[in-house]
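Structure first, then comments.
Below, chain A is the first sequence line, B the second, and so on; all start at residue 1.
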Number of protein chains: 2
Amino acid sequence: MLLTLDFDSEVPIYQQIRNQIVVGIAGGRLSPGERLPATRALAEDLGVNTMTVSKAYQLLRQEGYVAADRRAGVMVRPRDAQVPVVPEETVRGLRLRLCELRLAGLSREEILRLCEKMCDEEVD
Amino acid sequence: MLLTLDFDSEVPIYQQIRNQIVVGIAGGRLSPGERLPATRALAEDLGVNTMTVSKAYQLLRQEGYVAADRRAGVMVRPRDAQVPVVPEETVRGLRLRLCELRLAGLSREEILRLCEKMCDEEVD
DNA sequence: CTTTTTGTATTATTTATTATAATACAGATA
DNA sequence: TATCTGTATTATAATAAATAATACAAAAAG
């Protein structure tokens, strides 16, 4: 998994890391059970502080996307362990983006086609 | 238009104001050409600083969602003045939310149904 | 047993962002 | 003239984000 950071972005680094890992898992580029890079290794790789990566990992753990094991590091949550709750922020965020697309002039059908396309990107 | 602020949220207040106005425009609760509340009035109404509202308005203006006129205040962008460019952040944000729904266990069809429902909320 | 690696906690510091407060100004309106 | 409009200004406070250096417990490898 290749992570690309945008240091000019308003989005905090730890959030960028968290977001890209979420997209990576959903897209199948990170498989259930697969190990994520060690905190220090990823930090050095990205050129950021150890605690910044740690904060991203803790966030992912809290949200149930990964499981942190002291012995084996951080790994992608196995397929059987489901997270049934849909965060309210996810729903609100989705609505916001759909509204933005609407106001950018896209039709209902164009928007839904885009959503379909994105859903199909997620091959696992 | 009723704005509801969450002061405990991680999302900045000016961003919350901006987001809710965007959703309000797309949902037809704010019509093209309609005037938004005066900066000071909305600030007092929400119990926040004048500049916080001003920052939200400036953001909306930069993004092309509203037009600020010194004489008449801030109004929703008329229907004819289109904004053809889809912000990269919008696309990235949409993908992220779809991925989160996927990882929350929703099927492709459930997600698309949700998107359809949200698109139909936007009645204008 | 020693060394290494794991995530993470700690403490301090720096920087950037966010929000507020009190004024003020230009332009338009009544 | 007085009163709106958005916004610029300056200062200040509070919070968040990121870094730095160190440390600790737990597990694995040598």
* Side chain of A:Arg40 only, please: which of C:dT18, D:dC24, D:dA18 is the nearest? => D:dC24
* Asked: Counting only heavy atoms not in A:Glu89, do more than 12 sit closer than 6.0 Å to its CD atom?
  -> yes
* Structure fact -> Of B:Thr39 and A:Met51, the one whose nearest nucleotide on DNA chain D sits closer to the 5' end is B:Thr39
* Looking at B:Ile111, B:Leu112, B:Leu114, which hits side-chain contact (heavy atoms from CB on, under 4.5 Å) with A:Cys115? -> B:Leu112
* Structure fact -> note: B:Phe7, atom CZ; C:dT20, atom C1'; distance rounded to Å ~ 12 Å
* Asked: For B:Cys119 and A:Arg108, which heavy atoms make the closest approach, and how far apart are they?
  -> CB-CG, 3.9 Å
* Which nucleotide in the list C:dT8, D:dA18, D:dT7 gets nearest to the side chain of B:Ala68? -> D:dT7
* Structure fact -> Rounded to whole Å, the CD-C1' distance (A:Gln15 to D:dA17) equals 12 Å
* To do: Whole angstrom is fine here: how far is it from CG in A:Leu36 over to C1' in C:dT6?
  => 13 Å
* Within this structure, what is the CD1-to-P distance between A:Ile17 and D:dA18, rounded to whole angstrom? -> 9 Å
* Asked: Looking at D:dA18, D:dG6, D:dT7, which one has an atom nearest to any side-chain atom of A:Ile13?
  -> D:dA18
* Asked: Any side-chain N or O of A:Thr50 less than 4.0 Å from the OP1 or OP2 oxygen of C:dT8?
  -> no
* To do: Identify which nucleotide among D:dT7, C:dA9, C:dT20 has an atom closest to any side-chain atom of A:Gln58, counting heavy atoms from C-beta outward.
  => C:dA9
* Looking at A:Thr4 and A:Gln16, what are the two nearest heavy atoms and their distance? -> O-OE1, 4.3 Å
* Any side-chain N or O of B:Thr52 under 4.0 Å from OP1/OP2 of C:dT20? -> yes
* Would A:Glu100 and A:Arg97 pass as an ion pair if we require N to O under 4.0 Å? -> yes
* Structure fact -> Of A:Lys55 and B:Pro37, the one whose nearest nucleotide on DNA chain D sits closer to the 5' end is B:Pro37
* Asked: Rounded to the Å, how far apart are A:Met75 CE and C:dG7 P?
  -> 11 Å
* Asked: Bend across the helix from C:dC1-D:dG30 to C:dA30-D:dT1, to 10°, with axes taken over 5 pairs at each end?
  -> 20°
* Path from A:Leu42 to A:Phe7 over hydrophobic side-chain contacts below 4.5 Å -> yes
* Let me see the working for B:Tyr14 and B:Val48 under side chain to side chain contact (heavy atoms under 4.5 Å, CB included), right down to the final yes or no. => CA-CA 10 Å; B:Tyr14 75 90; B:Val48 299; over 6 Å; no
* Asked: If only side-chain N and O atoms of A:Arg61 are considered, is one of them under 4.0 Å from the OP1 or OP2 phosphate oxygen of C:dG7?
  -> no
* **Proximity to the side chain of A:Pro12 - top-ranked nucleotide from D:dA18, D:dT19, C:dG7** => D:dA18
* **For atom OH of B:Tyr14 and atom P of D:dA16, their distance in whole Å** => 14 Å
* Write down the distance between CG (B:Leu60) and P (D:dG6), rounded to a whole number of angstrom. => 13 Å
* **side-chain N/O A:Tyr57 vs C:dT8 OP1/OP2, d < 4.0 Å** => no
* Structure fact -> Considering only heavy side-chain atoms of B:Ser54, the closest of D:dT19, D:dA17, D:dT7 is D:dT7
* Check A:Arg77 against B:Leu103 and note the closest heavy-atom contact, atom names and distance. => NH2-O, 3.2 Å
* Could you check how far CG of A:Leu42 sits from P of C:dT5, rounded to whole Å? => 17 Å
